[in-house]
Structures are given as C-alpha cells and as structure tokens.
*Asks:* 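I am attaching a structure below and will ask some questions about it afterwards.
Chain identifiers are assigned alphabetically (A, B, ...) following the order of the sequence lines, protein sequences preceding nucleic acid strands; residue numbering begins at 1 within each chain.
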Amino acid sequence: MKVVFERPEALQNVPFTYCAGCTHGIIHRMVAEAIDSLGIREKTIGVSPVGCAVFAYDFFNCDVVAAAHGRAPAVATGIKRSHPDKYLFTYQGDGDLAAIGTAEIVHAAARGERITVIFVNNAIYGMTGGQMAPTTLLGQKTDTTPYGRDARANGLPIRVCELLQSLDGVAYIERVSTHDPKHVLQAQKAIKKAFQYQVEDKGFTLIELLSTCPSNWGMTPVESLKWLEENMLPYYKLGVYKDIG
Amino acid sequence: MSEKKLMKGNEAIGEAAITAGCRHFFGYPITPQSELPAYLSKRMPQVEGVFLQAESEVSAINMVYGAAASGVRVMTSSSSPGVSLKQEGISYLASSELPSVVCNIMRAGPGLGTIQPSQSDYFQAVKGGGHGDYHCLVLAPNSVQEIVDLVRLAFDLADHYKNPAMILIDGVLGQMMEPVDFGNYKPTFVEKPWAANGCKDRKPNAITSIHIDPKDMEQHNLRLQKKYALISEKEQRSEEWMMEDADIMVASYGMTSRIVKSAIRKAREEGIKVGLFRPITLWPFPEKKLDENINRVKEILVVELSAGQMIEDIKLVNNGRLPVSFHGRMGGMTPSVEDIYDEIKKIHDRLTVKA
Ligand SMILES: Cc1ncc(C[n+]2csc(CCOP(=O)(O)OP(=O)(O)O)c2C)c(N)n1
Ligand code: SF4
C-alpha cells in the first residue's frame with residue numbers, strides 16, 4: 001500500500017523544525033486540515049504563543065499574529081472583535097495557557113469569545129528546557145522538580161477542560177490524545193468540530209490535546225507515546241466536557 | 001458644524017477618538033480615568049464600535065495588540081498602576097510596530113498611591129517603561145481643547161510611524177470641564193497592507209516581535225532607531241509664552257503649566273522678565289526649541305508634579321550652560337501660584353544682585 005501525504009493548503013510547503021517525534025507537527029497538520037475542510041483559510045487568523053510553537057507563522061499558510069506569553073486569547077479577542085466575520089484560533093502550550101495566561105483563557109471562555117483554542121498539553125515547559133508546567137503530573141521529574149512533583153511543595157496538576165466546563169460562554173470543550181492513530185483520528189474530528197462551531201457562531205471552543213515532548217521528557221518518540229498513554233490518560237480523562245450541540 | 005461644547009477632559013478623549021475614526025476601545029476600570037470608559041461604553045454602540053471591559057490592564061493592552069495587528073484604529077486608557085501593567089504589551093506593540101493609542105491619566109505613586117493628580121510617570125512614558133530599546137510618541141495636552149487636537153494627532157502619528165502613541169495627562173485635566181470645539185475634522189486613514197485580517201488574494205501576513213538570530217534582532221533594532229531619529233527630527237512640538245524678552249524660563253508641561261502661567265502673569269506685573277517653555281511632545285522632546293531658548297535666557301526653573309523627572313531632559317539639553325532649579329510637589333499635592341511666584345522671585349533677586 002502506498003501512503004500519500006498530501007500537504008494541506010493551510011500549511012506552508014516547509015518542513016517542521018520541531019524535535020523528532022514531537023507531536024506539535026501532527027497537531028499543526030490537523031488544524032490545517034480542519035481549516036481546509038471548511039474552506040476558511042483566507043478568512044482565518046491564527047495567534048501563536050510563546051513556547052515551542054512561537055514560530056507557527058512559519059508553518060501555517062494563513063495570517064498569524066504572535067502574542068506575548070499567555071496573552072493569545074486576549075490578542076484573538078482584539079482581532080475577532082475588529083473582524084467578526086473572520087475565524088480565529090489560538091495555539092497554546094500548557095505553560096502559556098494554564099500558568100501565565102490563566103486569566104486570559106478563563107475570561108475569553110466566560111465571555112464566550114467566538115474563537116477556537118488549540119491547547120497542547122505536554123505536561124512540561126518545552127521551549128525553556130523542561131521545567132515544571134501546571135500540568136506536570138505528581139511524581140514527574142522535570143528541571144525544576146528534580147525529585148518529582150510533590151503535591152505539598154509544588155501543588156497539584158490543573159485539569160483545564162474540567163476547570164472551564166462550568167463557564168456558560170463555552171460551546172464545546174473536548175480532551176483528545178495524540179498517542180496512536182485511532183486517537184489522532186478522534187482528535188482530528190474534534191478540531192474540525194470546534195472550527196465548525198465557530199463558523200456557526202456558537203461560542204467559545206477549546207480542544208485539549210495530550211501531547212509529548214520527547215526531548216525534555218528524556219525519552220525516544222516511541223517511549224514518549226507509551227508514557228503519555230500510561231501516565232497522562234489516567235489523570236487527564238479523554239472525552240467531551242461540554243457540547244451545547 | 002463647529003460649535004463649542006462643555007466637556008470633561010476624560011470624555012473629550014473619548015469623543016476625539018471617535019471623530020478620529022477609532023471604533024475599538026479596550027480598558028479596565030481605575031480612578032481617575034473612569035469617565036472615559038463610561039463615556040465610550042455609551043458612545044461606541046451608537047457608532048457601531050466596540051467597547052470591551054477586559055479582565056485586567058494586561059488583557060486590555062493585548063486586545064489592543066490584536067486589534068492593531070488586524071489594522072483598525074484602537075485605543076486603551078488607564079491610570080498609573082494600570083499603565084504599569086500595560087508595559088509588557090506596549091513593548092510588544094513598539095517592537096511589532098503596531099499603531100495604537102494609550103492614555104495615561106496619571107495619579108500619584110509609587111504603589112497604589114492616591115487618586116490625586118501627578119506627573120510622576122514621565123520617566124515610564126518617555127524613557128521606555130517596558131523592556132528593550134523603544135519609544136512611544138508621548139503627547140501632553142494642557143487643556144480640554146488641546147486634548148481633542150492631540151488625541152487626533154496621536155492616531156495620525158501612530159498610523160504614520162507604525163508606533164504606539166501615548167496621551168499623558170494628570171487627573172485634574174481629566175476631570176476638568178472646559179468648552180471644546182470639535183470642528184469639521186475628517187480623519188484620514190492610511191492603507192495597512194501588513195495587517196493580519198485574512199489573506200484573501202495575497203500572501204499570509206505574520207506579525208511578531210521575535211527575531212531569534214541576534215544579527216536579525218540587531219537589524220530590527222537599527223531600523224527602529226532610524227525611525228525614532230526621524231520622528232525626533234520631524235515631530236517636536238512645544239509652546240513658548242512670554243519668552244521673547246525673558247531672562248528666566250520656566251519649563252513645565254500639562255496642567256501644571258497653567259498654574260505656571262498664572263505665576264508668570266503675577267511676576268510680569270512686577271516687571272520680572274519671565275516666560276514659559278511648555279513641551280507638548282514629551283517624546284520626542286522639543287530639544288531644538290529648548291536649545292534656542294536656553295541661548296537667550298539666564299536661568300531655568302522647572303516645575304513638575306514629581307520629584308523631578310522632566311528636569312533630566314532639560315538638563316541634558318542645557319548641558320551645564322545655565323543654572324537649573326526645581327520646584328515640585330508629590331503625592332497628589334499641587335503647587336500654588338504663590339509658591340511658583342516665590343521661586344521666580346528668588347531667581348529674579350539672585351540675577352539682580354549678580355547684575
Ligand atoms: C513573560 C515571559 N515569561 C517567561 C518566558 C519564558 N518562556 C518561554 S516559553 C515558556 C514556557 C513554554 O511552555 P509551554 O507553554 O508549555 O509550551 P511548549 O514549549 O511546551 O510547547 C516560558 C516560561 C517568556 N518568554 N515571557
Ligand atoms: S522541546 Fe519538546 S515540545 Fe518543543 S519541539 Fe522539542 S519535543 Fe516538541
């Protein structure tokens with residue numbers, strides 16, 4: 001069987017510069033495919049984070065604005081309120097969204113901003129070299145939790161979907177994973193649905209993707225996928241957390 | 001039709017922004033600027049504009065960043081503690097070269113301070129405030145009418161130079177009611193082909209402030225510096241009042257300059273040759289006109305609502321030529337006409353003895 005990977009139009013014709021086996025690449029591809037499937041590339045504006053995806057404008061073939069660390073939902077709000085006929089997505093890591101940017105994400109969701117948030121949870125700070133993230137699991141060793149994350153000393157990991165689901169401005173929230181093809185397919189559907197909801201002006205949408213960071217986890221890509229499945233899935237339960245239909 | 005309206009300074013900022021074609025405002029409540037968001041929350045819906053009360057000044061300035069990046073005229077306002085929170089965003093606006101207008105209705109600090117008027121954010125406004133080598137255009141009106149004129153100018157300059165512009169006033173001017181004439185002004189809009197507003201029929205636009213290769217980042221800085229040099233060459237503005245025959249120059253800006261004018265009038269009645277030099281643009285600082293005036297007078301008095309901030313720029317231009325003295329009040333207190341007159345008189349007596 002010959003597998004032909006066609007490049008989505010919403011991706012530029014350049015190779016990704018992410019580490020080998022990093023799931024940022026496949027997530028970019030899924031976002032681009034969702035944009036293409038709805039035919040909205042020329043009406044879509046992305047907002048990139050501070051984190052490994054800071055150069056997202058090098059990869060997406062649509063307008064992209066790079067936000068300050070954690071501020072992507074506010075930047076997207078500013079654009080959407082200026083161009084309500086356009087479609088906005090933010091692309092944010094767990095440090096960006098769940099630590100420094102908690103106020104921005106909570107209030108964008110509460111206001112029901114018509115934006116789609118792509119939330120990449122790899123349980124670590126990738127770009128800065130592997131420090132503890134708000135989503136780092138208990139016992140997980142990082143640069144700043146060398147003895148493993150301890151609940152008393154470092155606090156407990158944040159479950160973002162559960163945190164945001166109570167807000168009435170939210171139209172759709174789902175947590176998906178990237179650790180095997182079956183789950184990638186599921187993720188792809190969820191991302192497309194989130195954009196679809198935005199096109200239908202339903203409200204705030206967020207997809208959390210459980211992801212890997214082989215470089216800072218100190219694992220091979222294959223080991224990383226296994227670690228994600230065995231350690232992240234039990235704590236970060238997959239599923240739809242809110243769907244207004 | 002042009003007719004005079006009685007308006008508070010803060011409301012005049014809002015109406016001037018609307019006449020300048022601004023349809024987007026993002027802010028967070030803080031005294032003494034609250035009349036401005038209140039006014040715009042009423043007015044924006046009437047002109048199909050957007051008023052949004054953000055969750056913080058940090059979010060508000062980043063909403064400004066998004067709106068400016070997408071090519072629209074946009075404004076935010078706050079007062080000192082809130083403007084401190086906006087500094088990260090302002091640095092990003094400057095680096096990404098996004099036209100935008102930020103108003104600071106100054107109150108007394110440091111810390112939470114008090115809501116009374118102050119000019120103690122001069123350093124923050126003109127020397128950067130946030131990180132990196134950058135400048136905002138900083139305009140300092142001293143009447144409600146001048147607020148209207150300078151808010152419009154701020155939008156034009158911001159667009160022209162692709163740079164954030166700041167309106168810097170103190171709380172008294174914000175609260176003060178004065179007659180204003182909005183005239184028959186029509187805004188001129190410039191093309192913004194760089195804006196991120198959807199890539200129909202063109203290549204995608206990227207707006208960013210990251211240039212990871214230091215060689216690129218240096219080039220970016222050099223380009224910014226060249227732009228700042230051009231702005232400094234072209235946009236210096238100041239007022240001279242009773243300076244033709246003056247021996248003593250009082251330098252003061254904003255609301256304070258009006259108290260200084262009264263003190264000068266009183267001194268003039270007694271034959272003291274004193275005049276006012278009032279910077280209207282605080283950045284670029286009106287160095288050229290100041291230099292000319294320093295060549296003519298014998299002594300300089302600087303009056304500010306601070307421990308002495310603008311005085312540093314006066315001293316840089318003076319470069320040791322003339323004696324420079326200072327009169328300032330802090331913490332929300334304002335000097336009286338009498339206080340300033342006394343300072344002028346002291347200098348006058350000194351000059352007379354010398355002569
Ligand atoms: C205001 C500010 N604080 C800190 C940083 C440093 N910083 C850059 S990226 C980052 C965290 C990135 O982690 P995450 O959001 O999880 O994204 P990832 O790199 O893992 O994709 C931090 C703390 C910064 N750039 N700006
Ligand atoms: S550091 Fe981690 S998150 Fe960043 S590109 Fe490499 S693997 Fe991906």
*Asks:* Where do B/Leu52 and A/Glu113 land on the side chain to side chain contact (heavy atoms under 4.5 Å, CB included) test, with the steps shown first?
*Replies:* CA-CA 12 Å; B/Leu52 200 159; A/Glu113 291 297 337; 4.0 Å; yes
*Asks:* Out of A/Thr44, A/Val54, A/Asn61, which one racks up the most heavy-atom pairs below 4.5 Å with chain B?
*Replies:* A/Asn61
*Asks:* For A/Asp168, does the CG atom sit with more than 12 other heavy atoms under 6.0 Å from it, leaving out its own atoms?
*Replies:* no
*Asks:* Within a 6.0 Å radius of atom CD on B/Glu218, are there more than 12 heavy atoms belonging to other residues, nucleotides or ligands?
*Replies:* no
*Asks:* If you tally heavy-atom pairs under 4.5 Å against chain B, which of A/Thr77, A/Ile45, A/Ile40 wins?
*Replies:* A/Ile45
*Asks:* Taking the side chain from B/Asn205 and the backbone from A/Asp63, do they hold a donor-acceptor pair closer than 3.5 Å?
*Replies:* no
*Asks:* Tell me whether the count of non-hydrogen atoms from other residues, nucleotides or ligands lying under 6.0 Å of CD in B/Gln46 goes above 12.
*Replies:* yes
*Asks:* Nearest 0.5 angstrom please: A/Phe55 CZ to B/Thr208 OG1, how far?
*Replies:* 7.5 Å
*Asks:* Show the numbers, then the answer: is there a side chain to side chain contact (heavy atoms under 4.5 Å, CB included) between B/Val72 and A/Arg81?
*Replies:* CA-CA 10 Å; B/Val72 302; A/Arg81 296 296 184 115; over 6 Å; no
*Asks:* Does B/Asp216 have more than 12 heavy atoms from other residues, nucleotides or ligands lying within 6.0 Å of its CG?
*Replies:* yes
*Asks:* With a 4.5 angstrom heavy-atom cut-off, which part of B/Ile61 approaches chain A: side chain, backbone, both or neither?
*Replies:* neither
*Asks:* Hey, is the main chain of A/Gly78 close enough, under 3.5 Å, to the side chain of B/Tyr65 for a donor-acceptor pair?
*Replies:* no
*Asks:* I'd like to check the salt bridge (Lys or Arg N to Asp or Glu O under 4.0 Å) partners of B/Asp159; sequence neighbours left out, ordered by chain and number.
*Replies:* B/Arg73, B/Lys192
*Asks:* So does A/Glu200 have more than 12 non-hydrogen atoms from other groups sitting under 6.0 Å from CD?
*Replies:* yes
*Asks:* Using 0.5 Å steps for rounding, measure from the CD1 atom of A/Ile79 to the NE2 atom of B/His24.
*Replies:* 11.5 Å
*Asks:* Between B/Met63 and A/Ala74, what is the shortest heavy-atom contact and its length?
*Replies:* CG-O, 3.3 Å
*Asks:* Heavy-atom distances under 4.5 Å only: say whether B/Ala195 touches chain A with side chain, backbone, both or neither.
*Replies:* backbone
*Asks:* As an exercise, state the distance from NZ of A/Lys80 to OG of B/Ser70, rounded to the nearest 0.5 Å.
*Replies:* 12.0 Å
*Asks:* Residues two or more places apart in sequence or in another chain: which of them pass salt bridge (Lys or Arg N to Asp or Glu O under 4.0 Å) with A/Arg41?
*Replies:* A/Glu9
*Asks:* So which residue, B/Arg23, B/Lys200, B/Glu88, ends up with the most heavy-atom pairs under 4.5 Å with chain A?
*Replies:* B/Lys200
*Asks:* Is it true that atom CZ of B/Phe51 has more than 12 heavy atoms of other residues, nucleotides or ligands lying nearer than 6.0 Å?
*Replies:* yes
*Asks:* Taking all non-hydrogen atoms of both residues into account, name the closest pair between A/Cys62 and B/Cys199 and its distance.
*Replies:* CA-SG, 4.1 Å
*Asks:* Checking the side chain of A/Lys86 only, and the main-chain atoms of B/Asn197 only, is there a donor and an acceptor separated by less than 3.5 Å?
*Replies:* yes
